Undergrad: 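The structure is given below, and queries will be raised subsequently.
So you know, we letter chains A, B, ... as the sequences are listed, proteins then strands, and number each from 1. Below, all heavy atoms of this structure are taken into account, side chains as well, without hydrogens, waters or symmetry copies. All of these numbers come straight from a predicted model, not from anything done at the bench.
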Amino acid sequence: MPDAPRSRPVHASASSDADFYARVYRVVERIPEGRVTTYGRIARHLGAPRASRAVGWALKAVASDPVSALEIPCHRVVNREGRLTGRLHFVTPTAMEERLRAEGVAFTAPDRVDLAAHLWDPA
DNA sequence: GCAGTGACCTCGT
DNA sequence: AACGAGGCCACTG
């Protein structure tokens, strides 16, 4: 089929494996409810240990697309310290925290989750 | 095609 | 142990 628009995030199942974004989404979709993972873990799992920034880029694209935002639990991705660095990119600054709390994720600080208790590795 | 940007990570001081 | 700087990756203008 013709090439899909790349300015808009596409659902993983509708994209090819070659798309880096699609591969990121596929991993994020696997994150169980009440668990979280990090940008670095995802990047490492994709075979690009230094592509953690690109992972955040892919999630940013999701935030701008309401449909994908509902399909992909991007709120379950935090940084190495458990900090909600992407919270400002959600519909409201507190949406990310509220969703995580609703899933039973414990916080060690207002914008920091308990990684030791909820960390999920893609492997 | 070059240069800038960013929801990060790691290694040196 | 805390702070700062560099690097890597994909996308946009």
Undergrad: In residues 48-56 of chain A, what residues come within less than 4.0 Å of DNA chain B, judged by heavy atoms?
TA: A:Ser52, A:Arg53, A:Gly56
Undergrad: Work out which heavy atom in A:Tyr21 is nearest to a heavy atom in A:Ala61; give both atom names and the distance.
TA: CE2-CB, 3.9 Å
Undergrad: May I ask you to list the residues of residues 83-105 of chain A, by number, that have any heavy atom positioned under 4.0 Å from an atom of DNA chain B?
TA: A:Thr85, A:Gly86, A:His89, A:Phe90
Undergrad: Taking side chain as C-beta onward, heavy atoms only, is A:Thr37 less than 4.5 Å from A:Val28?
TA: no
Undergrad: How far apart are the closest heavy atoms of A:Thr38 and A:Val77, and which atoms are they?
TA: C-CG1, 4.2 Å
Undergrad: Which heavy atom of A:Ala51 sits nearest a heavy atom of A:Ala43, and at what distance?
TA: C-CB, 3.7 Å
Undergrad: Can you see which heavy atom on A:Gly34 is nearest to which on A:Val105, and at what distance?
TA: O-CG2, 3.7 Å
Undergrad: Can you name the one residue among A:Val62, A:Val24, A:Ile31 that meets side chain to side chain contact (heavy atoms under 4.5 Å, CB included) with A:Cys74?
TA: A:Val62
Undergrad: What heavy-atom pair brings A:Phe20 and A:Val55 nearest, and what distance separates the two atoms?
TA: CE2-N, 4.3 Å
Undergrad: Output the rounded distance in Å from CZ (A:Arg44) to C1' (C:dC8).
TA: 15 Å
Undergrad: If you compare all heavy atoms of A:Phe90 against all heavy atoms of A:Met96, which two are closest, and at what distance to 0.1 Å?
TA: CE1-SD, 3.5 Å
Undergrad: Among residues two or more places apart or on two chains, list those pairs meeting salt bridge (charged side-chain N to carboxylate O under 4.0 Å, His left out) that have a residue in residues 45-55 of chain A.
TA: none
Undergrad: Can you list the residues that meet the side-chain contact (heavy atoms from CB on, under 4.5 Å) rule with A:Ala106, with sequence neighbours excluded?
TA: A:Asp114, A:His118
Undergrad: Specify the residue among A:Trp57 and A:Asn79 whose closest nucleotide of DNA chain B lies further upstream toward the 5′ end.
TA: A:Trp57
Undergrad: Where does the chain A footprint on DNA chain B start and end, counting 5' to 3' with a 4.0 Å heavy-atom cut-off?
TA: B:dT5 to B:dT10
Undergrad: Can you pull out the residues from residues 108-123 of chain A that lie within a 4.0 Å heavy-atom distance of DNA chain B?
TA: none
Undergrad: Using the test salt bridge (Lys or Arg N to Asp or Glu O under 4.0 Å), find all partners of A:Arg41 that sit at least two apart in sequence or belong to another chain.
TA: A:Asp121
Undergrad: Hey, could you give me each pair passing salt bridge (charged side-chain N to carboxylate O under 4.0 Å, His left out) that has a residue in residues 73-86 of chain A? Not counting sequence neighbours.
TA: A:Arg76-A:Glu103, A:Arg83-A:Asp111
Undergrad: So which pairs with a foot in residues 89-100 of chain A pass side-chain hydrogen bond (donor to acceptor under 3.5 Å, both in side chains), sequence neighbours left out?
TA: A:Thr94-A:Glu98, A:Glu97-A:Arg101
